[in-house]
Amino acid sequence: ETGVTQTPRHLVMGMTNKKSLKCEQHLGHNAMYWYKQSAKKPLELMFVYSLEERVENNSVPSRFSPECPNSSHLFLHLHTLQPEDSALYLCASSPKLPGLAGPSSYNEQFFGPGTRLTVL
Amino acid sequence: EDQVTQSPEALRLQEGESSSLNCSYTVSGLRGLFWYRQDPGKGPEFLFTLYSAGEEKEKERLKATLTKKESFLHITAPKPEDSATYLCAVSVYNQGGKLIFGQGTELSVKP
């Protein structure tokens with residue numbers, strides 16, 4: 001496997017279900033991200049992890065729970081979702097977090113193929 | 001508030017008809033501007049990073065340029081396989097790893 005992989009690619013769940021999305025990066029990067037992409041809207045950053053430590057939570061509802069057990073793996077645990085949560089969920093990684101004033105090259109983010117989530 | 005706006009929302013070209021996509025930004029301190037290509041049902045594919053006004057980068061039929069207010073993605077003699085949504089994003093100083101994305105331009109190239 002190369003690059004960033006995500007499983008499953010498609011997921012249909014009811015509002016009372018609990019499911020998890022998985023992301024794995026094979027690039028040796030230290031930072032990982034979760035994004036939400038809804039139709040006709042810009043990508044929305046959800047969570048940022050650097051070396052397994054969460055450094056940003058972009059006002060995401062608690063029904064989304066991230067987990068980063070190591071620098072190569074990232075999970076998004078889902079429970080009690082709403083139909084409006086249906087979207088493409090994208091995982092990305094970058095070499096490092098650039099910090100407050102670091103170079104932009106650290107922030108070149110490489111994306112996985114996404115998980116298409118439908119909440120019924 | 002930091003903001004990125006792309007235009008047009010959609011662009012239809014004939015094969016070989018060159019054109020440009022625009023990305024305008026208003027940010028407190030630009031660290032870098034990124035262009036991505038996204039095919040339907042797939043994740044964005046990294047194309048370019050531009051760091052400072054006046055910088056240009058090229059890849060096959062694509063050329064990205066940057067000024068202090070906007071970036072252009074020029075497509076020369078496009079082919080049908082260039083059809084995709086092109087996304088622009090900026091990285092801002094004092095905002096860590098966050099990328100701020102525009103809404104994208106959907107490009108369709110007809111043979």
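To find a chain, count down the sequence lines: A is the first, B the second, and so on, and within it residues start at 1.
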Pairwise side-chain contact, A/Y35 with B/L99, heavy-atom cut-off 4.5 Å (strictly under): yes
Examine whether an atom of B/I100 lies under 4.5 Å from a heavy atom of chain A, and if so say whether it belongs to the side chain, the backbone or both; otherwise answer neither. neither
Relative to chain A, which segment of B/E106 carries a heavy atom at a distance below 4.5 Å: side chain, backbone, both, or neither? side chain
Measure B/Q38 against the heavy atoms of chain A and call it side chain, backbone, both or neither at under 4.5 Å. side chain
Given heavy-atom pairs under 4.5 angstrom as the criterion, report whether the side chain, backbone, both or neither of A/Q37 touches chain B. side chain
For B/E9, does the CD atom sit with more than 12 other heavy atoms under 6.0 Å from it, leaving out its own atoms? no
Common cluster, A/L117/A/M15, ILVMFWY with side-chain heavy-atom separation under 4.5 Å: yes
Are A/V60 and A/L43 connected into the same hydrophobic cluster when the rule is that any two of I, L, V, M, F, W, Y join if their side-chain heavy atoms are below 4.5 Å apart? no
B/R12, CZ: over 12 other non-hydrogen atoms inside 6.0 angstrom: no
I want to check something: taking the side chain as every heavy atom from C-beta on, are A/P113 and B/K42 in contact at a cut-off of under 4.5 Å? no
Is there a path of hydrophobic side-chain contacts, each under 4.5 Å between heavy atoms of I/L/V/M/F/W/Y residues, joining A/M32 to A/F47? yes
Under 4.5 Å between side-chain heavy atoms, counting indirect links through other Ile/Leu/Val/Met/Phe/Trp/Tyr residues: same cluster for A/L90 and A/F75 or not? no
Do you reckon B/L107 sits in the same ILVMFWY cluster as B/F72, going by side-chain contacts under 4.5 Å, direct or chained? no
CZ of B/F48 to CD of A/E108, rounded to nearest 0.5 Å, is 12.0 Å
When you compare the side chain of B/V4 with that of A/P42, does any pair of heavy atoms fall below 4.5 Å? no
Mind telling me whether A/F111 and B/F101 have parallel, tilted or perpendicular rings, with 30° and 60° as the class edges? perpendicular
